[in-house]
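A short worksheet on the structure shown next.
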Amino acid sequence: MKKTDPIAETKRDNLFAEKMLPGDFVFDDKVAQVFDDMINRSVPGYSTIIAMIGVMAERYCRDNSNIYDLGCSLGGATLAVAHKVTVKHYSLIAIDNSAAMISRLQTRLARLNFANAMIKCRCEDILNTELVNASVVILNFTLQFVPVASREALIRRIYTGMRPGGILIISEKIQFPDAELNRLFIDLYHGFKENMGYSKLEISQKRAALEQVLIPETIDLHRQRLTAAGFHSVDVWFQCFNFASMVACK
Ligand code: GEK
């Protein structure tokens with residue numbers, strides 16, 4: 001099995017570079033085409049988070065269990081897990097409701113000779129998908145796109161579908177209760193995006209497009225929801241500005 005990803009066709013993200021009419025962000029084919037570049041230049045620490053998801057999955061994956069990557073996009077986390085986990089018999093189930101993402105992920109897996117391996121791709125809404133016998137569940141920057149009213153039920157269903165001793169890894173853009181720190185982190189984040197080559201116009205148009213679609217919450221709210229669902233240990237393992245990743249243990 002090849003260790004490197006030969007997909008060099010991922011294009012540079014300039015979707016918001018020209019002045020455009022306002023509209024909500026959607027995960028369509030245009031986004032899927034540039035997604036790797038977009039997420040790497042838009043989420044501080046993305047590559048570290050992806051690598052560490054692999055490390056955590058390797059520790060927690062159990063024989064004959066399932067690992068779910070919910071909202072997998074092009075499979076950044078899925079591939080990190082597939083490369084790290086050494087357990088022989090397990091299934092890695094990558095789910096996204098964007099047909100464009102799933103189709104590109106399938107092409108990628110075929111090129112990497114993973115197509116017939118333990119990775120299964122499903123184009124499904126994670127609010128309806130079946131979750132069973134999970135030792136590891138990954139929600140890497142996905143819950144933030146789920147309607148707020150559906151988040152509690154989803155977390156509870158994930159908990160129910162997990163084995164005792166399993167972990168949920170959940171990464172999110174976050175909000176801060178302190179208004180000054182909230183402003184500071186957003187401002188620092190915009191500085192990060194400028195450093196990554198996005199113009200002020202791109203940053204503001206993308207921000208407007210995400211406003212009604214990506215709803216961030218506080219770490220406290222995530223912690224409360226996870227604890228109320230039954231997870232006994234919950235904490236942040238990574239944070240950079242207004243992006244954080246938490247781990248929750250069943
Ligand atoms: C990564 N985890 O690279 N059901 C299924 N998929 C969904 C749903 C839903 N209800 N809502 C949103 N999505 C990836 C990055 S991106 C994060 C995740 C970002 C999917 C959506 O189609 C998109 O592919 C993904 O969640 C969010 O590690 O773009 O900031």
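All ligand and atom numbering here is 1-based and tracks the order in the structure.
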I'd like the name of whichever of Ile95, Ile49, Asn97 reaches closest to atom 7 (C) of ligand 1 through any heavy atom.
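Looking at heavy atoms only, the winner is Asn97.
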Heavy atom to atom 10 (N) of ligand 1, shortest distance: which of Thr142, Asp125, Leu143 holds it?
Asp125
In this structure, which one of Leu109, Asp29, Asp96 forms a side-chain contact (heavy atoms from CB on, under 4.5 Å) with Arg104?
Asp29
Between Tyr60 and Val137, does a side-chain contact (heavy atoms from CB on, under 4.5 Å) hold up when you go through it step by step?
CA-CA 10 Å; Tyr60 281 91; Val137 178; over 6 Å; no
Counting from 1, what ligand 1 atoms have a heavy atom of [X] closer than 4.0 Å?
X      : value
Asn140 : 1 (C), 2 (N), 14 (C), 15 (C), 18 (C), 28 (O)
Glu124 : 4 (N), 5 (C)
Gln144 : 30 (O)
Ser98  : 22 (O)
Phe35  : 3 (O), 15 (C), 16 (S), 29 (O)
Ile50  : 28 (O)

Do Tyr46 and Phe243 make the cut of ring centroids closer than 6.0 angstrom?
no
Validation row, ring centre Phe192 to ring centre Phe241 under 6.0 Å:
no
Geometry only, no angles: is Ile126 polar-contacting ligand 1 at N/O separations under 3.5 Å?
yes
N or O pair under 3.5 Å between Asp69 and ligand 1
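For ligand 1, there is no N or O atom that lies under 3.5 Å from one belonging to Asp69.
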Quick one: does Lys173 get within less than 4.0 Å of ligand 1, heavy atoms only?
no
side-chain contact (heavy atoms from CB on, under 4.5 Å) between Glu130 and Tyr68, worked out:
CA-CA 10 Å; Glu130 190 195 30; Tyr68 291 91; 5.8 Å; no
Pair Val87-Asn64, side-chain contact (heavy atoms from CB on, under 4.5 Å): steps then yes or no
CA-CA 9 Å; Val87 159; Asn64 298 312; over 6 Å; no
Tell me, with the steps shown, if Arg183 and Asp187 meet salt bridge (Lys or Arg N to Asp or Glu O under 4.0 Å).
CA-CA 6 Å; Arg183 269 196 307 277; Asp187 201 48; over 6 Å; no
Please work out whether any backbone atom (N, CA, C, O) or any side-chain heavy atom from C-beta onward of Cys72 is under 4.0 Å from ligand 1, and answer side chain, backbone, both or neither.
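Backbone only.
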Ignoring hydrogens and angles, state whether a donor on the side chain of Thr129 or Arg122 is under 3.5 Å from an acceptor on the partner side chain.
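There is such a pair between these side chains.
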